[in-house]
Amino acid sequence: MPMELPFAESYRIKMVEPIYLSTRKEREEWIKATNYNLFGLRSEQVYIDLLTDSGTGAMSDRQWAALMMGDESYAGAKSFYNLQEAVHRILGFPFTLPTHQGRAAENVLFSRLIREGDIIPGNSHFDTTKGHIEYRKATAIDCTIDEAFNTESVHPFKGNVDINKLEAVFKKYPKEKIPFIIVTITNNTAGGQPVSLQNLKEVSALAKKYDIPVVFDSARFAENAYFIKTREVGYADKTIKEIVREMFQYADIMTMSSKKDGIVNMGGFIGFKNEELYKSCWVYNIMFEGYVTYGGMSGRDMNALAVGLDEATEFEYLNTRILQVKYLFDKLTSHGIPCQQPAGGHAIFVDAGKMLPHVPREQFVAQTLGVELYLEAGVRGVEIGALLADRDPITRENRYPKLELLRLAIPRRTYTNNHMDVVAAALINIFERRDSIRTGYRIVEEAPIMRHFTLKLEPVK
Ligand SMILES: *Cc1c(COP(=O)(O)O)cnc(C)c1O
């Protein structure tokens, strides 16, 4: 029997950036100097950086070539029309407003659509989305299916909207109070979990019935399409581009953080189908971002993004990416390391509460694991636990979320599976000595809001 050929990346490497493997002693000094806050490290002090997959991807030779062809005209740049053409052709939105990143797209669109007292249902709104809703004294209502909140349940589309919860919101509030519903694909907050086409279709039908527009928060739309192709009945033989077009049939508007599935380092946009609405957003784009044909982006970056959208919707690229996430996931789970099931599109979520059972929750379990992983191998993840959950705004008591997670986000086309092996070995070492890890950290200093970025910690002796 001939050997089955193993899987390998769908690209080769043309440019490299050296990274430095430090010693444990160096890392002990550095992390102490940042008061045990991983955000405080310089990137040179990190060997493998899994803090985020946002803006950290590697561009292709085609994207770098497009960059050189950027048109930097203030108004009507060729690069803008390249981007608008790509958004129209690939995603199906004829009108594009560029913005400098995803949250800026939210700021512009929500300035136009949201009024005080409004209700915005969705599936686990992303932090900046929720921030831009609450800043306008409106309310985000989470209608994600219950399966999303159980790390052990295996469901192919854990990002789905619960149609009954959504209809309850539509029934409870008058239509005038609900400017739109926002569906996040993939559902980042629930762990990069996808939304099925069937669900998008049902959301759209229900929204039509109640005459409420549908917005897709689309940062990882291509990864979502990959999961539809590989998990949903009837889509195995469709191309990613066909699936993407079908998905976006069910949206009236899209917001995009191009730092994710645009595979660029900075950028965002809003896509519209309705020309009137598009034009009514111009004034906000001009005030907050820039003129309507650049909106905070350089011509060269719009050019690279137009190519990035094309590359991100190719199966071979997505297969390479998602199989790498799964590669790390399988290594960890086969050693018994508890992770959010199943593996998402862009990140692994290690269940720190289960991994370090002896550390009291008051001593920040996921942060403790994050610091341990950095000390072990120079790998940087990010805490999704009590530090991030912050204090109750009224009582000022610490809020303890149901789960203490350490997120390892995988940048696009940046690291090889050898790097994933290092990450896995480091976590396995920590897992093997978990009984000896019994104390965590206490807060020495913190800001009144968004404390996780700047807070200072010290080890509990
Ligand atoms: C990253 C992200 C945003 C915000 O985009 P930025 O480019 O970081 O401003 C919004 N929604 C989702 C789902 C995201 O992942």
Side-chain angles (χ1 to χ4, degrees), residues 39 50-57 83 91 96-111 114 120-135 140 142-144 148 158-161 180-195 200 214-225 227 247-248 251 253-271 284-285 288-290 295-298 301-302 304-305 308-309 312 321 325 344-347 349 382 384 388 407-412 450 452-453:
F39 286 99
L50 307 184
L51 185 70
T52 175
D53 67 320
S54 177
T56 51
L83 174 61
L91 309 168
T96 303
L97 267 186
T99 61
H100 81 275
Q101 60 184 86
R103 69 199 68 186
E106 293 164 352
N107 188 30
V108 169
L109 183 68
F110 296 2
S111 294
I114 299 181
I120 294 81
N123 56 339
S124 314
H125 311 63
F126 184 67
D127 338 0
T128 62
T129 316
K130 200 168 180 178
H132 275 291
I133 291 169
E134 290 177 350
Y135 177 72
D142 187 3
C143 299
T144 313
K158 265 187 168 176
N160 278 357
V161 178
F180 56 87
I181 166 187
I182 190 157
V183 185
T184 307
I185 52 175
T186 57
N187 187 330
N188 187 351
T189 311
Q193 299 293 329
V195 179
L200 295 177
V214 178
V215 178
F216 284 180
D217 178 356
S218 319
R220 298 182 183 82
F221 73 92
E223 292 170 10
N224 200 87
F227 286 119
M247 281 162 44
F248 282 109
I253 308 165
M254 68 174 288
T255 54
M256 177 72 187
S257 167
S258 308
K259 304 170 73 169
K260 313 331 185 335
D261 279 352
I263 332 184
V264 289
N265 304 115
M266 192 54 70
F269 61 87
I270 314 170
Y284 301 104
N285 220 68
F288 299 139
E289 293 297 296
M297 290 186 74
S298 303
D301 288 342
M302 288 190 283
L305 172 56
L309 290 172
R321 163 154 185 72
V325 175
H346 69 289
F349 293 72
V382 70
I384 312 262
L388 181 69
R407 186 186 80 173
L408 307 172
I410 315 295
R412 293 168 181 75
M450 299 282 211
H452 55 289
F453 288 117

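All ligand and atom numbering here is 1-based and tracks the order in the structure. All values derive from a computational prediction rather than experimental measurement.
Here the protein heavy atom with the shortest distance to atom 8 (O) of ligand 1 is Arg103 NH2, 2.9 Å. Lys260 NZ, 2.5 Å is the protein heavy atom nearest to atom 2 (C) of ligand 1. Looking at atom 10 (C) of ligand 1, its nearest protein heavy atom turns out to be Phe126 CD2, 3.2 Å.
Interface atoms of ligand 1 facing Gly102, defined by a heavy-atom separation under 4.0 Å, are 5 (O), 6 (P), 7 (O), 9 (O). Within ligand 1, the atoms closer than 4.0 Å to a non-hydrogen atom of Lys259 are 7 (O), numbered from 1 in the order shown. Listed by number with element, the atoms of ligand 1 under 4.0 Å from a non-hydrogen atom of Thr184 are 13 (C). Atoms of ligand 1 lying under 4.0 Å from at least one heavy atom of Arg220, given by number and element, are 15 (O).
Asn265 contributes no side-chain N or O that, together with a main-chain N or O of Thr56, makes up a donor-acceptor pair within less than 3.5 Å. Looking at Asn224, its side chain does come within 3.5 Å of a backbone N or O of Val195 through a donor-acceptor pair.
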- Step by step, would you call Arg412 with Asp261 a salt bridge (Lys or Arg N to Asp or Glu O under 4.0 Å)? CA-CA 9 Å; Arg412 293 168 181 75; Asp261 279 352; 3.2 Å; yes

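Under a cut-off of 6.0 angstrom, the local environment of CZ in Phe39 is crowded, with over 12 non-hydrogen atoms contributed by other residues, nucleotides or ligands.
If you look at Phe110 and Phe180, their ring centroids are closer than 6.0 Å. For Phe216 and Phe248, the ring centers are positioned less than 6.0 Å apart.
Considering both main-chain and side-chain atoms, Asp217 comes within under 3.5 Å of ligand 1 through a nitrogen or oxygen pair. Here's the thing with Ser257: one of its N/O atoms is less than 3.5 angstrom from an N/O atom of ligand 1. Distances between N or O atoms of Ser54 and those of ligand 1 include no value under 3.5 Å.
Side chain to side chain, Thr129 and Glu106 meet the donor-acceptor criterion of an N or O pair below 3.5 Å.
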